[in-house]
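Start at 1 and go down the list; that is how both ligands and their atoms are numbered.
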Amino acid sequence: MKRREFLSSTLAIAAAGLAPRSARAADGLVEVLLGESLGDIAPELHGHFTEHIGSVIYNGVWVGENSKIPNVGGIRKALVDHMRQLHAPVIRWPGGCFADSYNWRDGVGPRSQRPVRTNFWVASKQLCDAPAGPQKYDPNTFGTAEFMRFCQQCGSQPYVAANVRSMTPHDFDEWVEYCNSPAGSTTLAQTRAADGSREPYNVTYWGVGNEPWGCGGDFHPEEYAEEFRRFTSWVPAYGLDLRFIGAGPGADYRDPQISWTRGFLESLVARRPRLLSRLYGFSMHYYCGTSGDGDSLKFTADDWYQLLWQADAMDSLITQHWLAMGDYDKEHKVKLVVDEWGAWHKTTTLGSAYLFGYIPSMRDALVSAITLDVFNRHADKLAMCNNAQLVNNINTLFLAMEDRFAATPIFHVFDMYKSHQGGRSLRMLCDAPDISYGKGKTFWGLAGSASLHGKTLVVTVVNSHASDPRTVEVSLRGGEAKSARVTELAEADIHAHNDFDHSNAVMPRTAPATVSGSRFSWTFKPASVTKLEIELA
Ligand code: AHR
């Protein structure tokens, strides 16, 4: 519903004396349509990503068994504890670009005998200037067995990206064999047992390369379609339903690159239409970058709105790619996978070994909330989404340095939004005055998503205004609130953040909310993320 229509209907109700006092004072509307489903929110839409890049793995996830830092079998305990709290559904690994340089055999067998290899990212100037360390020369102490243990500890499913640029389909088959062949059945099953797991890992999510148009091989879409066919042909399944994810575009709102999506699908289908059935998901990457000086903590109000606007472009990118996919997959059997997303700032501030590592602020928290709301609203189209990345990198949930550890505001958003997982996404209309910024630019005032879980309705709303609260009428079409509680992530300063010395500076607050009936007034704080958990009558 457009704002003008909403205001005229509100005025008509008020004139008839029907509107409660609070509704008359409202400057907008949040309306949840309890009868209109947008699909089920797969928990995997709130997934994660860990690459051998900067200090994600070494010093982030992996600290080593003999470390003084609390760990479980070498894996940082604080990280696992937080991941369990999140109900983290899935973790992607080992890249990213690193995946297409990775020989999985380097990361199996006794850790002391594994080879040290030059990390893919050493080519970046910043890492090149860093002192020698595992970020530059990967000791392979964190390999497949360690990643699987990390997933098991977190209660998450593994999503493994294969190397298409520099290895063969045969190597891929054998990685699947190492992971999934039955206990005691093959030589690689014995290697796996020696690495700590007699039982197979039963990995079902397999990415077929990464960004093949760039670091993943500089392929043309037609060439990559050939590789996808070769890599997914007769892979040993061991009774599992293997889910292959084809590598799609690096989406950009200035240049949506639908050409990659179309070129790949056209080639795949042209060769043999049935090959489409090999494609469980088709991935897309989208990073919203900063304007201004590119520092995660130094920005103006205009930079704030511009980044939120760029994050919100995810909505139309999903729709555009979904429409293009529908031209080749009429029944939409193939789902979209957004396996890298986040706000990517230009300036690394955590140190040269922390490539793309910096401290996220409330601005990044709102980017994340906006993005998760977009995913919830497109639940019918998406199979999985993975924030880039989990720790010490880009849109990071955690900062970890030696024995210091902090959860960022992005973590708190994921923690708030976990209540949506597994729910039925509902249509929700938000109407509030647009905000003007920059030279003639505008951005919406309120947006969010809603999901139903039995008699519990979860509503999340972002108030993007940097300084103004927004009082609106909340309307539940087709239901009534009995009781509710609210969780708010809101800070007076849009630059607020957590760091090692102030790890609880930004924290959400939860309290009972006094709401009842099918219409009530609610004030959303400035620059905030709000979750209402409403018990329906
Ligand atoms: O997440 C960092 C990098 O961004 C990934 O390795 C690559 O896939 C993307 O370009």
Side-chain angles (χ1 to χ4, degrees), residues 47-58 60-61 90-102 117-128 135-136 138 142 147 159-166 205-219 224 245-255 257 260 264 281-290 294 296 310-311 314 317 336-348 350 353-358 360 364 367-368 371 384-398 408 410:
H48 302 281
F49 172 35
T50 53
E51 176 171 2
H52 290 239
I53 179 174
S55 292
V56 174
I57 298 296
Y58 300 108
V61 178
V90 61
I91 308 172
R92 179 177 183 240
W93 174 84
C97 292
F98 175 85
D100 279 295
S101 68
Y102 184 56
R117 304 280 188 212
T118 306
N119 182 288
F120 169 89
W121 288 100
V122 89
S124 85
K125 175 149 181 9
Q126 182 199 320
L127 193 59
C128 192
Q135 294 82 8
K136 272 174 97 161
D138 194 320
F142 191 88
F147 172 66
Y159 167 24
V160 177
N163 178 344
V164 169
R165 173 169 64 85
S166 50
Y205 291 121
W206 292 95
V208 183
N210 172 77
E211 298 191 350
W213 38 268
C215 62
D218 289 315
F219 290 110
Y224 174 67
I245 293 161
D252 187 330
Y253 59 91
R254 289 159 297 213
D255 172 20
Q257 291 188 24
W260 176 273
F264 166 69
F282 180 66
S283 87
M284 173 180 111
H285 293 174
Y286 175 57
Y287 290 98
C288 56
T290 52
S296 66
Q310 287 171 203
M314 178 70 88
L317 291 169
L336 203 47
V337 169
V338 183
D339 53 15
E340 289 184 27
W341 67 268
W344 192 331
H345 303 291
K346 285 188 198 125
T347 316
T348 294
L350 291 177
Y354 286 69
L355 186 63
F356 311 138
Y358 39 74
D364 305 293
V367 161
S368 305
T371 307
M384 192 200 300
C385 306
N386 309 75
N387 174 64
Q389 299 198 13
L390 184 64
V391 50
N392 290 335
N393 189 269
I394 311 183
N395 208 54
T396 192
L397 277 77
F398 305 106
T408 72
I410 298 170

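Near Ile394, meaning under 4.0 Å from one of its heavy atoms, ligand 1 places the atoms 1 (O), 2 (C). The distance from ligand 1 to the heavy atoms of Cys97 drops below 4.0 Å at these ligand atoms: 5 (C), 6 (O), 7 (C), 8 (O).
Results of the side-chain contact (heavy atoms from CB on, under 4.5 Å) test with Gln389 over Asn395, Thr396, Leu397, Ile53 single out Ile53 as the only residue that passes.
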Review point. Could you go step by step and tell me if Gln135 and Tyr58 meet the side-chain hydrogen bond (donor to acceptor under 3.5 Å, both in side chains) rule?
Key: CA-CA 7 Å; Gln135 294 82 8; Tyr58 300 108; over 6 Å; no

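Using a non-hydrogen distance threshold of 4.0 Å, Trp121 registers as a contact of ligand 1.
Phe49 has its ring centre no less than 6.0 Å from the ring centre of Trp341. Trp344 and Tyr358 have their aromatic ring centers separated by at least 6.0 angstrom.
Annotation: Tyr287 places an N or O atom under 3.5 Å from an N or O atom of ligand 1; distance criterion only. In terms of polar-atom proximity, defined here as any N/O pair under 3.5 Å, Gly96 makes no such contact with ligand 1.
Residue-level proximity to ligand 1 for Trp341 is absent, since no heavy atom of it falls below 4.0 angstrom. When non-hydrogen atoms are compared, ligand 1 lies under 4.0 Å from the side chain of Trp344 (C-beta onward) but not from its backbone.
Considering only non-hydrogen atoms, atom 10 (O) of ligand 1 lies nearest to Glu211 out of Glu340, Gln389, Glu211.
Taking the six-membered ring for Trp and thresholds of 30 and 60 degrees, Phe147 and Trp93 have nearly parallel ring planes, at less than 30 degrees apart. Between Phe282 and Phe264, the two ring planes are parallel [angle under 30°; tilted spans 30° to 60°].
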